[in-house]
Participant: 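Quick one: the structure is below, questions incoming.
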Protein chains: 2
Amino acid sequence: MREDAATGGGLSTGDRLLSVIEVLGSQDGAGVTEVADQLEIAKSTAHAHLRTLHDRGYILKRDGTYHLGLRFLQLGQAAKQPWDEYPFIKEKVEELADESEIRAQFLAPEHDEAVYVYRSTGRHSVPTDSRVGVRIPMHSVAAGKAMLAQFPGDRVDALVDRHGLPAQTDETITDRAELDAALERVRERGYAINEGESWEGVRAVGAPVLTPDGDVFGGLSVSGSPHRVDPDDLADLVMGAANEIKLEFQYE
Amino acid sequence: MREDAATGGGLSTGDRLLSVIEVLGSQDGAGVTEVADQLEIAKSTAHAHLRTLHDRGYILKRDGTYHLGLRFLQLGQAAKQPWDEYPFIKEKVEELADESEIRAQFLAPEHDEAVYVYRSTGRHSVPTDSRVGVRIPMHSVAAGKAMLAQFPGDRVDALVDRHGLPAQTDETITDRAELDAALERVRERGYAINEGESWEGVRAVGAPVLTPDGDVFGGLSVSGSPHRVDPDDLADLVMGAANEIKLEFQYE
DNA sequence: ATAAACGTTCGGAAATGTCGAACAGAGTAG
DNA sequence: CTACTCTGTTCGACATTTCCGAACGTTTAT
């Protein structure tokens with residue numbers, strides 16, 4: 001998959017350990033042979049890695065296959081902590097979902113991708129945090145485009161160089177010039193629209209969340225089927241919420 | 001800390017990588033030198049590990065120090081998935097918190113420890129998932145004792161051999177005979193009580209959550225200051241909720 | 001009962017992680 | 001403004017480790 005480890009002073013063994021973790025995370029449960037096959041390493045090697053993770057309590061055996069253990073839940077909470085420090089972000093997401101009666105979400109930029117940090121489906125919500133932690137290319141979601149539009153040009157350049165503009169649907173922007181035009185429109189309007197660019201038949205309206213200093217802190221969006229998402233109605237709501245978060249930072 | 005890696009076919013490099021992750025997770029942010037000092041390894045070694053994690057997108061630099069990245073949030077969600085498969089568990093925790101008007105939680109047994117999976121403080125909750133993912137010795141919490149009481153004797157033996165009975169407060173059970181007596185009482189009554197054994201001034205009532213097959217699936221408990229926690233009132237509520245979860249499994 | 005698949009152990013060859021020293025850069029105190 | 005200290009970074013060489021393949025034991029399927 002990646003050869004980055006050898007290139008540039010990384011540790012290939014550690015790299016492989018992470019690959020093993022990813023294999024276990026991307027499916028529910030895998031055995032020694034399955035891990036070895038997927039990573040194209042010897043069974044005995046896969047076994048050694050799994051043993052390391054098991055001895056340390058990071059994975060466990062259930063029904064004869066290995067699974068990620070709850071230690072990752074602890075690490076995940078630790079990783080999320082910087083956002084939990086500002087509880088009003090989660091509150092605003094819930095407010096937004098309640099008022100708009102569609103899904104609302106807050107995404108954070110990380111390593112040039114957008115990551116779902118909070119999500120709410122309003123008062124009548126299915127209580128599970130579906131999609132939390134999921135990474136998605138920034139150019140393919142409304143909140144991501146809203147953030148991109150705030151980045152300096154060279155940062156966008158670097159991002160596109162590294163990841164390209166992978167298509168999620170037929171509507172995804174895959175052309176650099178088209179992206180620039182879209183970002184320019186976002187800056188003019190102050191909000192971004194996603195018209196089936198990440199999932200067919202899903203429309204979203206997103207706005208950037210800035211710190212008082214003007215740094216991009218994340219992106220806020222609401223999404224749902226097109227007939228329930230009217231940008232003219234929702235843009236002010238989303239931008240307002242984003243701005244309220246910005247103001248809350250003042251009192252920290 | 002641990003020398004387990006060398007002993008028994010583990011990979012010491014991978015072991016060290018996990019240690020680096022733990023250092024970053026146990027505090028907010030650490031630099032190369034700090035990691036090296038804490039693990040007593042060369043700065044250049046710590047640097048190599050951090051680079052590996054950084055190149056793979058697992059950690060990131062913020063304000064000049066390294067922090068866990070949101071990729072761990074994704075792994076954490078994957079680790080939690082087996083419980084999210086049964087949404088009624090989370091629902092029952094919330095019900096329990098609403099009805100008792102104190103905190104309610106569901107803990108899962110893993111690697112001989114109890115891990116907070118769900119937690120609710122009722123309708124007027126602070127919405128953050130505080131304590132989720134935290135690991136705690138089973139003998140020191142109500143839900144943990146409730147689970148322990150269901151384990152076969154040799155499993156309790158193995159657990160005590162491995163971890164001992166570390167004290168959290170002056171009230172924590174640290175004597176094996178005393179633990180056995182306590183577990184026997186739990187079995188008689190059907191529920192466990194925690195009287196300041198994990199935190200001073202916190203009382204809890206817990207019950208085991210079993211599968212229809214009789215396996216221990218987890219533990220449910222409510223907790224709060226003693227004057228708000230009357231075991232005679234709450235035991236039936238907690239045991240009832242635990243039993244309802246058991247019944248829900250039937251329809252899966 | 002036989003076969004096939006899986007997890008596990010082991011030794012040796014080859015690859016790689018570790019260390020320390022040296023370099024560069026940022027920040028601070030004088 | 002300079003000197004000093006702290007940080008993060010690079011590099012080469014040695015020693016350690018990882019990795020593989022083959023063989024063994026165990027379970028599941030035919």
Side-chain angles (χ1 to χ4, degrees), chain A residues 1-24 26-69 111 158 213, chain B residues 1-25 27-69 111:
Chain A
M1 298 197 172
R2 282 200 181 184
E3 308 295 310
D4 306 17
T7 329
L11 305 177
S12 54
T13 305
D15 207 63
R16 218 166 256 188
L17 190 83
L18 296 174
S19 297
V20 172
I21 291 171
E22 284 172 16
V23 168
L24 296 183
S26 66
Q27 57 201 68
D28 48 21
V32 176
T33 307
E34 202 170 346
V35 171
D37 286 348
Q38 281 193 38
L39 298 177
E40 297 180 351
I41 57 180
K43 265 198 306 181
S44 52
T45 305
H47 181 70
H49 282 277
L50 289 167
R51 176 186 292 219
T52 306
L53 290 166
H54 184 86
D55 288 352
R56 278 290 209 124
Y58 281 87
I59 64 175
L60 46 93
K61 241 180 188 153
R62 196 187 313 147
D63 309 325
T65 54
Y66 289 97
H67 299 257
L68 295 186
H111 277 283
D213 302 334
Chain B
M1 297 198 173
R2 281 202 183 184
E3 310 294 310
D4 305 18
T7 329
L11 304 176
S12 54
T13 305
D15 208 61
R16 214 166 262 189
L17 189 83
L18 295 174
S19 298
V20 172
I21 292 171
E22 284 171 17
V23 168
L24 296 183
Q27 58 201 65
D28 50 20
V32 176
T33 307
E34 202 170 347
V35 171
D37 286 347
Q38 280 194 39
L39 298 178
E40 296 180 352
I41 56 181
K43 263 198 308 182
S44 51
T45 306
H47 180 70
H49 283 277
L50 288 167
R51 175 186 291 219
T52 305
L53 289 166
H54 184 87
D55 287 353
R56 278 288 211 128
Y58 281 86
I59 64 175
L60 46 93
K61 241 179 190 154
R62 196 187 312 147
D63 308 324
T65 54
Y66 290 97
H67 299 258
L68 295 186
H111 277 283

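Quick note on labels: first sequence line is chain A, next is B, and so on, each numbered from 1. When reading the values below, keep in mind they use all heavy atoms of this one structure, side chains included, and skip hydrogens, waters and symmetry mates.
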Participant: From C-beta outward on A:Ser44, which listed nucleotide comes closest to its side chain: C:dT9, D:dT18, C:dT8?
Facilitator: C:dT9
Participant: Can you check the A:Asp55 CG to C:dT8 P distance for me, whole Å?
Facilitator: 11 Å
Participant: Could you state the atom-to-atom distance from CD of B:Glu40 to C1' of C:dT18 in whole Å?
Facilitator: 15 Å
Participant: Want to settle it: does A:Gly14 or A:His47 sit nearer the 5' end of DNA chain C, counting the closest nucleotide to each?
Facilitator: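 By nearest-heavy-atom nucleotide position, the 5'-most residue is A:His47.
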Participant: Measure CG/A:Leu50 against P/C:dG7 and give the value in whole Å, please.
Facilitator: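 A:Leu50 atom CG is separated from C:dG7 atom P by 9 Å.
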Participant: Starting from P on D:dT17, measure out to CD1 on B:Ile41 and report it in whole angstrom.
Facilitator: 14 Å
Participant: Identify which nucleotide among C:dT8, D:dT18, C:dT18 has an atom closest to any side-chain atom of B:Leu11, counting heavy atoms from C-beta outward.
Facilitator: D:dT18
Participant: Roughly how far apart are A:Leu18 CG and B:Leu17 CG, rounded to 0.5 Å?
Facilitator: 5.5 Å
Participant: Find the distance B:Leu39:CG to C:dT18:P and express it as a whole number of Å.
Facilitator: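 Rounding to the nearest Å, CG of B:Leu39 and P of C:dT18 are 11 Å apart.
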Participant: What is the distance from CG of A:Asp15 to P of C:dT16, rounded to the nearest Å?
Facilitator: 12 Å
Participant: Measure from the side-chain heavy atoms of A:Thr45 and tell me the nearest of D:dT9, C:dT8, D:dC20.
Facilitator: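 Closest nucleotide to the A:Thr45 side chain: D:dC20.
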Participant: Considering only C:dC19, C:dT8, C:dT9, which nucleotide approaches the side chain of A:Lys43 most closely?
Facilitator: C:dT8
Participant: From the list C:dG7, C:dT18, D:dT17, which nucleotide is the closest neighbour of the side chain of B:His49?
Facilitator: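 Selected nucleotide: C:dT18.
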Participant: Ignoring the backbone of A:Thr33, work out which of C:dC6, D:dT18, D:dG21 is nearest its side chain.
Facilitator: C:dC6
Participant: As a test of reading the structure: which of C:dT9, C:dC19, D:dC20 is closest to the side chain of A:Arg51, going by heavy atoms?
Facilitator: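 Comparing C:dT9, C:dC19, D:dC20 against the side chain of A:Arg51, the answer is C:dT9.
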Participant: CG of A:Asp37 versus P of C:dG7: gap in Å, rounded?
Facilitator: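 For the pair A:Asp37 CG and C:dG7 P, the rounded distance is 10 Å.
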Participant: Which atom pair, heavy atoms only, marks the closest approach of A:Val35 to A:Ala46?
Facilitator: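 Of all heavy-atom pairs spanning A:Val35 and A:Ala46, the closest is CG1-CB, 4.1 Å.
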Participant: Could you tell me whether the side chain of B:Ile21 reaches within less than 4.5 Å of the side chain of B:His49, counting heavy atoms only?
Facilitator: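 No, side chains not in contact.
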Participant: Could you check whether any side-chain heavy atom of A:His47 comes within less than 4.5 Å of a side-chain heavy atom of A:Lys43, counting everything from C-beta outward?
Facilitator: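 No; the side chains remain at least 4.5 Å from each other.
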Participant: Find out whether B:Thr13 and A:Thr52 are in side-chain contact, i.e. whether some heavy atom of one side chain is under 4.5 Å from a heavy atom of the other.
Facilitator: no
Participant: Can you figure out which of C:dG17, D:dC20, D:dT9 approaches the side chain of B:Lys61 most closely?
Facilitator: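 For the B:Lys61 side chain, the nearest candidate turns out to be D:dT9.
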